[in-house]
Amino acid sequence: MKLLIKQRVFSWSDSYDVYDEEGNQKYFVKAEVFALGHQLHVYDPAGRELGMVKQKLMTFMPTFAIETGGIEKGYIQKKFAFFKPKYEVDFNGWRCEGDFLAWDYDVYEGCSAVVHISKELLHWGDTYVIDIQSPKDELMALMLCVAIDAANCSD
């Protein structure tokens, strides 16, 4: 299954619309405008908050906590690396690796790839496609993708 994430270009804060493979809106993501650091909330189409990606302040490298139901489920931290983006992921038992230009990411659980995130080029605003192996990982994959985008913007 796939999700398409499109950043709203003309918005006061980071906002994203998320669509399923048929083009139906599945989620939307909205940042708090006056928050210290990035605080991105994930909502379903009815406006119910499903989770939050929140930047941890006072860290050397960009670090983001991922929460659902008000409970921190883990974090992602961008690591210092040459040529190939690397992230320390303590979230959902996953690990993540990116390519040279920071446009494609593979997420692994053990030895198996569970999510592939790719950045679409030549669009207004950031646009990502998330290819998810299991429907149970959909929300977690979306929140991880939002955290990676925020970490890349924080550099």
Side-chain angles (χ1 to χ4, degrees), residues 1-9 11 13-33 35 37-56 62-79 84-99 101-154:
M1 70 183 306
K2 291 185 181 184
L3 293 176
L4 175 68
I5 302 174
K6 297 182 77 160
Q7 183 179 28
R8 293 182 187 169
V9 178
S11 175
S13 65
D14 288 338
S15 297
Y16 304 85
D17 292 309
V18 183
Y19 303 94
D20 64 15
E21 291 176 284
E22 288 80 39
N24 302 310
Q25 186 175 21
K26 189 89 183 224
Y27 305 98
F28 68 95
V29 179
K30 187 169 173 69
E32 289 185 29
V33 178
H38 289 87
Q39 289 188 27
L40 301 137
H41 299 268
V42 179
Y43 300 95
D44 68 10
R48 290 182 297 263
E49 184 173 347
L50 302 173
M52 180 171 68
V53 174
K54 182 178 181 180
Q55 185 172 9
K56 292 186 174 189
T63 304
F64 293 85
I66 299 172
E67 300 177 4
T68 58
I71 299 168
E72 187 173 314
K73 300 292 185 172
Y75 71 90
I76 176 172
Q77 180 179 44
K78 189 164 189 180
K79 303 302 283 180
K84 187 174 183 176
K86 293 199 183 247
Y87 302 91
E88 180 179 325
V89 178
D90 180 14
F91 172 66
N92 218 27
W94 291 349
R95 66 182 169 83
C96 180
E97 295 180 10
D99 75 350
L101 297 172
W103 289 338
D104 290 297
Y105 302 92
D106 288 307
V107 180
Y108 298 91
E109 185 171 6
C111 296
S112 303
V114 292
V115 177
H116 178 76
I117 302 168
S118 59
K119 187 171 184 177
E120 298 271 303
L121 302 177
L122 305 174
H123 289 274
W124 282 76
D126 290 338
T127 302
Y128 293 93
V129 174
I130 307 175
D131 190 1
I132 307 157
Q133 298 300 315
S134 173
K136 71 175 178 57
D137 294 330
E138 183 177 90
L139 178 61
M140 298 299 134
L142 169 62
M143 293 177 65
L144 182 64
C145 181
V146 168
I148 288 171
D149 187 56
N152 287 337
C153 290
S154 296

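We use all heavy atoms of the structure for the numbers below, so side chains are in, but hydrogens, waters and symmetry mates are not. Residue numbers start at 1 and run along the sequence shown.
Annotation: the span from M52 atom CE to E72 atom CD amounts to 9.5 Å, rounded to 0.5 Å. Here H41 contributes atom NE2 and E32 contributes atom CD; the two are 3.5 Å apart, rounded to the nearest 0.5 Å. Taking CD1 of I76 as the reference point, atom CD1 of I66 lies at 6.5 Å (rounded to 0.5 Å). Atom CG of D90 sits about 14.5 Å away from atom CZ of R95, to the nearest 0.5 Å. Note that NZ of K119 and SG of C145 are 10.0 Å apart. Values are rounded to the nearest 0.5 Å. Going from atom OH of Y27 over to atom CG of D20 covers 9.5 Å, rounded to the nearest 0.5 Å.
Here the closest heavy-atom approach between residue K30 and residue Y43 is recorded as CB-CE1, 4.2 Å. Heavy atoms only, all atoms of each residue included: P62 and A151 are closest at CG-O, 3.8 Å. Heavy atoms only, all atoms of each residue included: T68 and M140 are closest at CG2-CE, 3.6 Å. Minimum heavy-atom separation, L142 to I130: CA-CD1, 3.9 Å.
A donor-acceptor distance shorter than 3.5 angstrom exists from the side chain of D44 to the backbone of R48, with no hydrogens or angles considered. In this structure, N92 contributes its side chain and W94 its backbone to no donor-acceptor pair below 3.5 Å. Judged by distance alone, the side chain of Q133 and the main-chain N or O of V114 form no donor-acceptor pair under 3.5 Å.
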Could you walk me through whether M143 and V53 pass the side-chain contact (heavy atoms from CB on, under 4.5 Å) test, one step at a time?
CA-CA 7 Å; M143 293 177 65; V53 174; 4.2 Å; yes

Verdict with reasoning, V146 to F64, per side-chain contact (heavy atoms from CB on, under 4.5 Å):
CA-CA 10 Å; V146 168; F64 293 85; over 6 Å; no

Please step through side-chain contact (heavy atoms from CB on, under 4.5 Å) for the pair I148 and Y128, ending with a clear verdict.
CA-CA 11 Å; I148 288 171; Y128 293 93; 5.7 Å; no

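The side-chain hydrogen bond (donor to acceptor under 3.5 Å, both in side chains) check on Q25 picks up D17, with sequence neighbours excluded. Applying the side-chain hydrogen bond (donor to acceptor under 3.5 Å, both in side chains) rule to K26 yields the partners E138; only residues at least two apart in sequence or on another chain are considered. The side-chain hydrogen bond (donor to acceptor under 3.5 Å, both in side chains) check on E109 picks up nothing, with sequence neighbours excluded.
Of the candidates E67, K54, E88, Y75 forms a side-chain contact (heavy atoms from CB on, under 4.5 Å) with just one, namely E88.
The shortest side-chain heavy-atom distance between V115 and L144 does not fall under the 4.5 Å cut-off.
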